[in-house]
Number of protein chains: 2
Amino acid sequence: MPDMNGAQALIRTLVACGVDTCFANPGTSEMHFIAALDDVPEMRGILMLFEGVATGAADGYARMAEKPAATLLHLGPGLGNGLANLHNARKANIPIVNIVGDHATYHARYDALLQSDIATVARNVSTWIETVERPEDTGSAAASAVAAAAGAPGQVATLILPADACWLTGGVVAAPQTPPARKIVDKDVIEGIAKRLLSGEPSLLFLGGSAMRADGLAAAGRIVAATGVSLLAETFPARVERGAGIQPIPKLAYFAEGAIEQLADFRHLVLVDARSPVSFFAYPDKPSDLVPTGCEVQTLAADGDDAIAALEALADAVDAADQCETLAPASRPERPTGPLTPDSIGQALGALLPENAIVSEEAATSGLSLGLHTAGAPAHDWLTLTGGAIGQAMPVATGAAVACPDRKVVCLQADGGAMYTIQALWTQAREGLDITTVIFNNRSYAILNIELSRVGAKTGGTKAKEMLDLSRPDMDFVSIAQGLGVPATRATTAEEFTTQLEKALATSGPVLIEAMIPGIG
Amino acid sequence: MPDMNGAQALIRTLVACGVDTCFANPGTSEMHFIAALDDVPEMRGILMLFEGVATGAADGYARMAEKPAATLLHLGPGLGNGLANLHNARKANIPIVNIVGDHATYHARYDALLQSDIATVARNVSTWIETVERPEDTGSAAASAVAAAAGAPGQVATLILPADACWLTGGVVAAPQTPPARKIVDKDVIEGIAKRLLSGEPSLLFLGGSAMRADGLAAAGRIVAATGVSLLAETFPARVERGAGIQPIPKLAYFAEGAIEQLADFRHLVLVDARSPVSFFAYPDKPSDLVPTGCEVQTLAADGDDAIAALEALADAVDAADQCETLAPASRPERPTGPLTPDSIGQALGALLPENAIVSEEAATSGLSLGLHTAGAPAHDWLTLTGGAIGQAMPVATGAAVACPDRKVVCLQADGGAMYTIQALWTQAREGLDITTVIFNNRSYAILNIELSRVGAKTGGTKAKEMLDLSRPDMDFVSIAQGLGVPATRATTAEEFTTQLEKALATSGPVLIEAMIPGIG
């Protein structure tokens, strides 16, 4: 194709590199990219109504597909709208390839209304940033972006694409590049840590990131059995395999007081693709660093290391049994009855969650017992809010459902967070994605009602309380969901919820259940 | 108050500087600010569900109140979510004081999940950026931020506020600073331009920004009458006073082809707080710079100059009559009948718009004839999309209604743009704001259907068309609005629309009308 334009070369290169899904919210500067979608049937374009949904969906897609999707965003403001979920992705090393359209190269100097410095907008979330100035370079830049994103550790790569680099001919498809592989951890490191774990002093394996898959957890379970060390996971892992037949792992508490208690007795803390535990926020007169005094921190596997291989090598080094014997047994709670609460929702979920489900969870204060009730449910994946910027779970569910069309996705979303990226529902309806969304409607930023006193502020007055309150007016998520094309029902008792959940899980396609739970605050 | 904390000093200083409204979407790091709201009754806190609504509302507030409001945003991701509407504000020199909460100063080094480089996120939209490290400095920083924002030209000032600077005592209320005043344009400049306008060569006064108020337009009308020059406004002025009794002014066309035609015959172009006309986007084989060859561009008043005084001085210098004699006559179209179209919506608006209304318009392709039909309606303000980042009109309407509780606000919003900041409706309901929102529902990014061919892309194929289409599923804005607490109706004929609009305008409080208009594309 001697007359291929830059956009065509770019899309063909993405496909050649395995990136065949693009979550898009385009504008005029992206019209040649959009036109080129019809020239490359292998590329799937999925329209979103808001960029934060696109970036969050790319995140959920990558967590499940284990390869990046592309986003298509409209200049600096479009990237800005996608920034919060890119922040979340960055914090968990999730690979994403952002394609950000820009004005034609020669148009920039006129400082038209949509002109801005896109690279600066990208800086915080993206270490790989490149502007392609010529159609000849779109292919090679795309191949570099994919390799940068997909390499170990994963990252957000941002390719800035001026409109004329798209529309001019001269495009060249580039060959895929080999992304940096995960590094194998040195034997010496493993043997040193093995010795420490065998010392008999109270030790903790602290797992996160890539370690949280069934194989990594099984290796950790073998180490625990052989050495008596404890096992704990970071509070917000990107993807955990869990449920019946998988080694279970408790999580570090969100609130620092609980975390300090969990960590108090350890003399050794071994990090496995996790960062040394710190408080989520700072609080007056409370420590930020949660590692107890006198506890030594060592790293078994850092970002970009092969954490599972390191755990397996460590298991062998401590002479662990060949098999993990502490896998979670299959067990489901009874169907709940009575008042609808976060706890009874957890029970219903534990009773009904189908095998191989994907759970995208941002239930905030409503999420505390969800893990407990689902611990013995059939094996499933659990995705969490990785960077603290709320409004991630619904987009992540959207992307996960695109990546895994044969698996049921369950999205557990608090009401406050739902309203940052509620537009995800429309894309779920449009694409017929198999997602059951549960909105925990307590009509409050409940977490802030708790935090207001925890940060040491005097008990809030009327005005302060009002700023944490989501009633007046009460939101009606059934109505909102229906307006966005997703069938929805409301549950006010545990029985109603369980029946509605059962029906939703038996349905193919998006459904939303608004769970009316008690307010806090 | 010797034991005032940093947050209290900051809020008291804002109030002392005239900033008494805060559009907030807070998180844990802002809890001391929130608690302090109860200590300062003069500060009004208004809760938004999404930061883009907060920043857009601050914009609309400032356009009408002629002074800045504050926003309260949660760390880097919160600022990120507010970035698109801050971009819009920046492009129109709208004053806004962003207060962005951050982790406690000593917590930053732990790189907790919500840690990011907030100043970098702010860079593109904000030239004034300051991080306050100590409670002793929150007051003085707030006073500087207000002066920077409110000075001429207006700007977005971003104050980054670590949590410990809020919660520690030692806060000091600072005195207001005098912001930079608008500069008076040199006599020589005015006399030079007067001479040029009197030369008889075809000349154009090109007005924007602060010139677009009744007084500025009246002075421009006097100049036109005295010299025969033409009058034209920038395409997207922040605030125009218009209607019966005000000098009318046509606008530069959005599409470059139309704009080129409007400008073709002029030999002199005089900029009055407007930038030299450029194409909104670049298109293959079309010019970016819209000034015709051989046309000389001169600046009467730049950003930060007193444009109205300059126009009045220029009117005197060309010996214009004392009064503007070309004010728009009062005239309303008939109530429309028949099919519901953007045109019949414009007629209904022209027939019914109440005196002193504020119109916030982002109707995109549906907006072309709205100005025509409302030209003779009672005097009103018209606010437009100033930076090209869609999703501005509903937040701007929200802020304008807060600034002017005694005026009716009418928000004219295209369906695509509505979905970026739809959360504005909830705040409108919560605050009982007197806003009638009209959604132009054509089930399409109609502008992109036009642009797809204009940019020279071959007529889009099936996949391309799909990326511009907002049907499948059709959104139901009545349902969405009701879910957010705003009463809503749907109109499918001109008669229905007119009746519904009449009723909405007679109601106090928020109402939404979903106008079902023909699709494009």
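Letters A, B, ... mirror the listed sequences (proteins, then strands); counts begin at 1.
Both the backbone and the side chain of B/A429 come within contact range of chain A, judged by heavy atoms closer than 4.5 Å. Of the atoms belonging to B/L75, it is side-chain heavy atoms, and not backbone ones, that fall under 4.5 Å from chain A. Heavy-atom distances place no part of B/F477 under 4.5 Å from chain A, backbone and side chain included.
Taking a cutoff of 4.0 Å between a charged side-chain nitrogen and a carboxylate oxygen, B/D111 and A/K91 qualify as a salt bridge.
The distance from atom CE of A/M419 to atom CH2 of B/W426, rounded to the nearest 0.5 Å, is 9.5 Å. Atom NE2 in A/H74 sits 7.5 Å away from atom CD1 in B/I390 (nearest 0.5 Å).
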Q.
Using the rule given for side chain to side chain donor-acceptor pair (under 3.5 Å), can you reason through A/Y283 versus B/D164, listing the C-alpha separation, both sets of side-chain angles and the distance that settles it, and then say yes or no?
A. CA-CA 8 Å; A/Y283 302 94; B/D164 51 345; over 6 Å; no
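In this structure B/E431 satisfies the side-chain hydrogen bond (donor to acceptor under 3.5 Å, both in side chains) test together with B/R44, sequence neighbours excluded. Annotation: salt bridge (charged side-chain N to carboxylate O under 4.0 Å, His left out) contacts of B/E30 (sequence neighbours excluded): none.
Side-chain rings of B/H103 and A/F281 approach one another, their centers coming within less than 6.0 Å.
Of the possible donor and acceptor atoms, one in the side chain of A/H87 sits under 3.5 Å from a partner among the backbone N and O of B/L113. For the pair B/N124 (side chain) and A/S116 (backbone), a donor-acceptor distance under 3.5 Å is absent.
Within the 4.5 Å cutoff, the side chain of B/L37 has heavy atoms near those of the A/M467 side chain.
Note on ring orientation: taking the six-membered ring where Trp is involved, the planes of A/F50 and B/F50 are perpendicular (angle over 60°, cut-offs 30° and 60°).
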